[in-house]
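All remarks here apply to the structure that follows.
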Amino acid sequence: MTVVTYRQAITRGIADALAADDDVFLFGEDVARAGGAFKTTDGIWERFGDERVLDTPISEQAIVGTAIGAAIRGLRPLAEVMFADFAAVCFDGIVNELAKYRYMTGGQVTCPVTIHMANGAGTGFAAQHSQPAENWFLNTPGLKIVVPGTAADAYGLMRAAVADDDPVLYFEHKGLFGRREELPDDAPIVPLGVAETVRAGEHCTVVATQLMRHRAVEAAELLEREGISVEVIDPRTLVPFDHDTVRASVERTNRLVVAQEGSAGGSWGGTLITALLQEGFELLDAPPLLVCSEETPVAYAAALEAAWLPSVERIADGIRRTVAY
Amino acid sequence: MTAKTAGGQAAAATPPDRDAQLEMLRAMHEIRFFEDACHRLFATGAVRGTTHLCQGQEAVAVGACHALRREDQMTCTYRGHGAVLAKGAPLDRSFGEILGKAPGLCGGKGGSMHLTDVEAGALGSFAIVGGHLPVSVGVGFAARYRGTDEVSICFFGDGSTNIGAFHESLNLAAVWRLPVLFVIENNLYGEYSPLSSTTPIEVLADRAASYGMPGIRIDGNDVLEVHATISEAAARARAGEGPTLIEAMTYRQKGHSRADPAKYRPEGELEAWLKRDPIVLHERALAEAGVPQERLDEIRAAAEQAVEEALERAQSWPDPDPETRLEHVYA
Ligand SMILES: Cc1ncc(C[n+]2csc(CCOP(=O)(O)OP(=O)(O)O)c2C)c(N)n1
Ligand SMILES: [Mg+2]
């Protein structure tokens with residue numbers, strides 16, 4: 001058991017994926033010699049060499065397309081798109097080619113592509129480098145989406161993503177890079193589509209990912225002192241989504257709060273609430289609540305950005321109101 | 001046609017023998033009859049959505065694909081029936097796909113714009129302009145990574161040289177020296193706009209200079225010139241000498257898509273190009289080289305019959321079971 005940062009867990013996941021399968025190669029802007037803009041690929045090029053770890057030009061469309069072309073010819077590309085915001089530049093490749101290739105060809109090919117990108121707000125990068133971009137892809141069938149919130153999940157989901165035969169978008173949260181946690185030397189692969197119940201509780205189910213997962217846990221601890229018992233679930237994978245775990249929890253708590261970074265429209269939290277209303281309306285003793293960001297871009301100044309991200313206090317407040325309903 | 005030299009060390013390829021030349025004639029006839037049939041089928045409503053046909057451009061697909069091996073890998077556009085057939089996809093299952101039949105190449109999930117036959121090395125037809133150029137780079141990367149000497153050939157239109165993916169793809173293929181042949185089918189129009197109204201330079205092959213790769217403009221209606229150019233570029237690619245940009249000058253004899261009457265063409269343009277029809281040119285060359293007219297007629301008739309029989313088979317096939325819409329779904 002060693003203590004590692006979330007960032008180091010990603011690096012270990014990438015290294016182990018490369019070591020496990022010669023068909024895996026890593027490429028992207030500054031991922032090789034420089035070790036990545038966020039140092040998530042530090043030391044990988046030194047270990048695996050020029051053939052398997054490649055720096056690219058600043059060409060996100062070429063990066064995504066190259067991953068697709070290599071994948072349909074038997075390789076397992078692991079591509080880095082530095083900031084998730086830049087996925088907008090290669091949106092066509094992701095939604096029109098990558099997501100649809102297997103389906104459109106009647107299953108003649110699979111696309112075992114992993115694209116990992118740095119996501120999320122809270123670090124002062126302003127509007128074009130802070131978006132929770134995972135929500136952009138929810139309405140495109142054909143993409144698996146993972147959002148690890150801990151070192152163990154960062155490692156285990158990276159391994160699962162690269163081993164998967166279909167496309168996986170892997171979003172790592174910039175605000176978590178420095179978080180330190182224990183990671184066993186033989187840390188397990190985390191299967192896609194399986195949620196983790198982070199904390200058991202009786203009065204309310206809170207679903208949250210990444211930065212919000214940690215804030216939800218803090219809120220739960222705060223409320224425990226007030227006699228409110230909160231269950232926290234981290235879905236870890238947004239597509240496919242582990243509805244069963246959430247439903248089983250709501251069957252006991254009869255209340256649902258989703259704490260989400262990012263605005264409500266077209267988001268995973270909104271989708272989860274819709275699904276639960278349709279399938280489990282009778283389970284609920286209170287209206288489900290989405291605690292989320294306002295419908296604005298992310299601002300730069302610390303005070304402005306902090307107000308955009310749901311705080312521990314806002315999440316706790318939402319839970320209080322839901323429980324008191 | 002003006003031609004720039006490809007340079008490089010690869011040896012000049014041997015020209016195709018008489019049988020291979022007759023085979024190319026047969027292949028061009030098949031594509032022509034296939035496209036004419038698609039035109040009729042669209043008019044009767046048997047083909048849904050849209051079609052983009054390639055009558056007049058057959059020599060590019062046939063000259064290029066016949067210069068390559070079955071293991072070489074091809075990507076193309078929505079105007080790709082010719083390229084997919086030239087690469088070796090069966091006529092009947094290609095018709096079947098366009099008609100939306102269960103035994104179609106993609107089980108009816110792709111249609112006219114997405115014909116794909118991986119077994120034949122026809123890796124995909126793409127309907128987003130420029131969308132497949134980056135994919136062709138990855139195909140070339142995989143060939144080299146896996147230590148094969150396969151080449152990746154990518155067909156696209158003149159209009160596609162103005163989309164960003166074109167530049168990113170040529171640049172990356174060149175900087176990694178990948179075995180990719182980028183083939184522009186310059187048919188003078190992007191949809192309804194003549195090239196001169198959208199593009200400030202006349203010779204698109206000149207764009208290769210920006211990426212430090214050879215750029216060649218050739219007569220795309222001369223199937224043997226296409227064959228020779230692709231053979232040489234493929235040899236260079238196999239020898240590790242990197243990608244080539246080939247601009248094949250050609251003409252689409254029908255409208256852009258569907259029932260487009262192509263009223264935007266200047267008077268006399270179509271007629272002039274019909275005189276340079278690639279099938280007519282190749283037949284004439286073969287006749288001049290001593291192939292008897294009866295032999296040429298036989299080849300044409302056999303192609304017509306093969307296409308008709310394939311179409312009849314495809315028309316008799318069942319529609320896909322609606323349940324199959326949920327196959328090949330994973331997220
Ligand atoms: C990204 C994108 N923009 C626009 C279109 C619509 N469109 C379809 S074909 C076409 C013209 C393309 O011209 P060219 O590349 O010369 O190919 P051609 O059709 O002449 O074979 C356009 C604009 C598209 N499919 N994709
Ligand atoms: Mg054109």
Side-chain angles (χ1 to χ4, degrees), chain A residues 22-23 25 27 51-52 54-75 77 79 89-90 92-93 95-110 113 140-145 164-169 192-193 237-241, chain B residues 73 75 97 102 104-111 113-119 122-128 130-146 148 150 152 154 163-173 175-176 178 180 320 324-325 327-331:
Chain A
D22 288 344
D23 289 337
F25 69 102
F27 70 121
E51 266 170 36
R52 300 187 64 198
L54 300 95
D55 285 324
T56 67
I58 307 160
S59 301
E60 280 77 9
Q61 295 180 64
I63 291 170
V64 170
T66 296
I68 298 168
I72 59 173
R73 296 299 297 145
L75 303 186
V89 173
C90 48
D92 172 55
V95 310
N96 281 325
E97 276 94 47
L98 182 60
K100 298 174 175 45
Y101 213 143
R102 180 171 168 191
Y103 191 81
M104 221 160 64
T105 61
Q108 293 182 62
V109 296
T110 54
V113 168
T140 298
L143 299 169
K144 299 183 183 182
I145 300 176
D164 199 272
D165 282 339
D166 290 304
V168 181
L169 306 182
L192 303 182
T237 303
L238 297 181
V239 182
F241 195 92
Chain B
Q73 302 294 324
T75 46
E97 187 58 33
L105 289 173
C106 309
K109 287 201 168 106
M113 296 198 284
H114 301 300
L115 293 187
T116 302
D117 186 359
V118 168
E119 248 176 65
L123 283 181
S125 306
F126 294 74
I128 307 294
H132 62 306
L133 275 79
V135 175
S136 76
V137 176
V139 172
F141 178 85
R144 192 181 61 194
Y145 188 93
R146 289 163 51 237
T148 73
E150 294 163 11
S152 166
C154 180
I163 202 159
F166 167 83
H167 300 275
E168 292 197 12
S169 302
L170 268 70
N171 184 66
L172 184 58
V175 76
W176 285 356
L178 296 176
V180 186
T324 63
R325 75 191 190 283
E327 288 173 6
H328 320 301
V329 173
Y330 45 84

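Hydrogens, waters and symmetry mates play no part in the numbers below; they use all other heavy atoms, side chains included.
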Distance-minimising heavy-atom pair for [X] and [Y]:
| X | Y | answer |
| --- | --- | --- |
| A/A70 | B/A142 | CA-CB, 3.9 Å |
| A/A62 | B/P134 | CA-CB, 4.0 Å |
| B/A331 | A/K144 | CB-CG, 3.7 Å |

Should the pair A/F25 and B/Y145 be assigned to parallel (<30°), tilted (30 to 60°) or perpendicular (>60°) ring geometry?
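Geometry flag for B/Y145 against A/F25: tilted rings.
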If we ignore hydrogens and angles and just use 3.5 Å, is the side chain of B/H328 paired with the main-chain N or O of A/R102 as donor and acceptor?
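No, because the side chain of B/H328 does not come within donor-acceptor range (under 3.5 Å) of the backbone of A/R102.
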Polar side-chain atom of B/Y330 near backbone of A/P240 as donor-acceptor pair, under 3.5 Å
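Side chain of B/Y330 to backbone of A/P240, a donor-acceptor pair under 3.5 Å: no, none is there.
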Measuring from atom [atom1] of [X] to atom [atom2] of [Y], what distance do you get when rounded to the nearest 0.5 angstrom?
| X | Y | atom1 | atom2 | value |
| --- | --- | --- | --- | --- |
| A/I63 | B/E168 | CD1 | CD | 8.0 Å |
| B/L172 | A/L54 | CG | CG | 9.0 Å |
| B/T148 | A/R73 | OG1 | CZ | 7.5 Å |
| B/I163 | A/Q61 | CD1 | CD | 7.5 Å |
| B/L133 | A/T66 | CG | OG1 | 10.5 Å |
| A/N96 | B/I128 | CG | CD1 | 4.0 Å |

side-chain contact (heavy atoms from CB on, under 4.5 Å) partner of B/V135, chosen from A/V64, A/L98, A/I68
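Of the listed options, the one satisfying the test is A/I68.
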Using a cut-off of under 4.5 Å for heavy-atom pairs, which of A/G142, A/A67, A/P57 has the most such pairs with chain B?
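Going by pairs under 4.5 Å, I would pick A/G142.
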Which of the residues A/D166, A/L192, A/T56 is involved in the greatest number of heavy-atom pairs with chain B at under 4.5 angstrom?
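If we count pairs closer than 4.5 Å to chain B, A/D166 comes out on top.
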Between [options], the one whose heavy-atom pairs under 4.5 Å with chain A are most numerous:
| options | answer |
| --- | --- |
| B/H132, B/E119, B/H167, B/K109 | B/K109 |
| B/V175, B/V137, B/V329, B/L123 | B/L123 |
| B/R325, B/E327, B/R144, B/E97 | B/R325 |

Under 4.5 Å heavy-atom distance to chain B, tell me which part of [X] shows up: side chain, backbone, both or neither.
| X | value |
| --- | --- |
| A/A71 | neither |
| A/L238 | neither |
| A/F241 | neither |
| A/D165 | neither |
| A/Q108 | both |
| A/L143 | backbone |

Take B/R146 and A/L75 through the test side chain to side chain contact (heavy atoms under 4.5 Å, CB included) and record every step on the way to the result.
CA-CA 9 Å; B/R146 289 163 51 237; A/L75 303 186; 3.7 Å; yes
